[in-house]
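Some notes on the structure that comes next.
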Amino acid sequence: MIGQFIAAVAGTVGFSVLYSVPRAYYPYCGFIGGAGWLLYCLLIPTCSGPESAFFAAALVVVLSRFFAVKERCPVTIFLISGIFPLVPGGGIYWTAYYIVTDEVEQAARTGFSAVKVAVAIVLAIVLVFQVPQKVFKR
């Protein structure tokens, strides 16, 4: 699990570089992405994929808002790069693969699973953004 955490941190920092996040924020972005992935990995044995993604995404948004207030910068700097490890890219890839290989049933199953995870991430983002900004200033 430590290896997965390190990979999530490295991937998040790499994504931050790709999207021109200022260098001073790389450690924060890496920590946020790694923390979200770590929570996802800890929850996946006890929860479903979408539930785990929901709670991990909620953590990513809370940390993003906290560090945005702390550093006095836009929350999107941390949120976009921090959510990267949770995005169901593998599910989307396998859905396209199964469509191309004419395995419609398998494509529907993997596609629906990827959509559920994506919706869970969006719901977590919307839910945490409903918390007033003053909560994160303390």
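None of the values given here were measured: they were computed from a predicted structure. FYI, side chains are in, hydrogens and waters are out, and symmetry mates aren't considered; it's all heavy atoms of this structure. Along the sequence shown, the residues carry numbers beginning at 1.
Qualifying side chain to side chain donor-acceptor pair (under 3.5 Å) partners for Ser113, counting only residues two or more places apart in sequence or in other chains: none. When the side chain to side chain donor-acceptor pair (under 3.5 Å) test is applied to Ser52, no partner is found at least two apart in sequence or on another chain. With sequence neighbours excluded, no residue forms a side chain to side chain donor-acceptor pair (under 3.5 Å) with Ser64. With sequence neighbours excluded, the residues forming a side-chain contact (heavy atoms from CB on, under 4.5 Å) with Leu127 are Phe54, listed by chain and number. Looking at residues two or more places apart in sequence or on another chain, you find a side-chain contact (heavy atoms from CB on, under 4.5 Å) between Val126 and Val122, Gln130. Taking Pro132 as the reference, Lys134, Val135 meet the side-chain contact (heavy atoms from CB on, under 4.5 Å) condition, with sequence neighbours excluded. Under the side-chain contact (heavy atoms from CB on, under 4.5 Å) criterion, Ala57 pairs with Ile83, Leu86, Ile121, Ala124, sequence neighbours left out.
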Enumerate donor-acceptor pairs with a distance under 3.5 Å from any side-chain N or O in residues 65-75 to protein atoms, sequence neighbours excluded.
from, atom 1, to, atom 2, distance (Å)
Arg65, NH1, Val128, O, 2.8
Arg65, NH1, Val131, O, 2.8
Arg65, NH2, Val131, O, 3.1
Arg65, NH2, Gln133, OE1, 2.8
Lys70, NZ, Tyr28, OH, 3.3
Glu71, OE2, Tyr28, OH, 2.7

Compile the donor-acceptor pairs under 3.5 Å between side chains in residues 30-49 and protein atoms, sequence neighbours left out, one pair per line.
from, atom 1, to, atom 2, distance (Å)
Trp37, NE1, Gln4, OE1, 3.1
Thr46, OG1, Leu43, O, 3.1
Ser48, OG, Glu51, N, 3.4
Ser48, OG, Glu51, OE1, 3.4

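The only member of Val9, Val17, Thr12, Leu79 that meets side chain to side chain contact (heavy atoms under 4.5 Å, CB included) when paired with Cys29 is Thr12.
Of the possible polar contacts, one joining the Thr95 side chain to the Gly111 backbone as a donor-acceptor pair under 3.5 Å is found.
Under a 4.5 Å side-chain heavy-atom criterion applied to ILVMFWY residues, the cluster that includes Phe15 comprises Leu18, Tyr19, Ile80, Phe84 as well. Counting side-chain heavy-atom gaps under 4.5 Å among Ile, Leu, Val, Met, Phe, Trp and Tyr, the cluster of Tyr93 also holds Trp94, Tyr97, Tyr98.
Of all heavy-atom pairs between Ala114 and Pro88, the closest is O-CG, 3.6 Å.
Residues Ile99 and Val115 are members of separate hydrophobic clusters, defined by side-chain heavy-atom contacts under 4.5 angstrom among Ile, Leu, Val, Met, Phe, Trp and Tyr.
Residue pairs meeting the ring pair (Phe, Tyr, Trp, His ring centres under 6.0 Å) criterion with at least one partner in residues 107-132, sequence neighbours excluded, do not occur; the list is empty.
Going from atom OG of Ser20 over to atom CD1 of Ile77 covers 11.0 Å, rounded to the nearest 0.5 Å.
The side-chain heavy atoms of Val104 and Asp102, taken from C-beta on, include a pair separated by under 4.5 Å.
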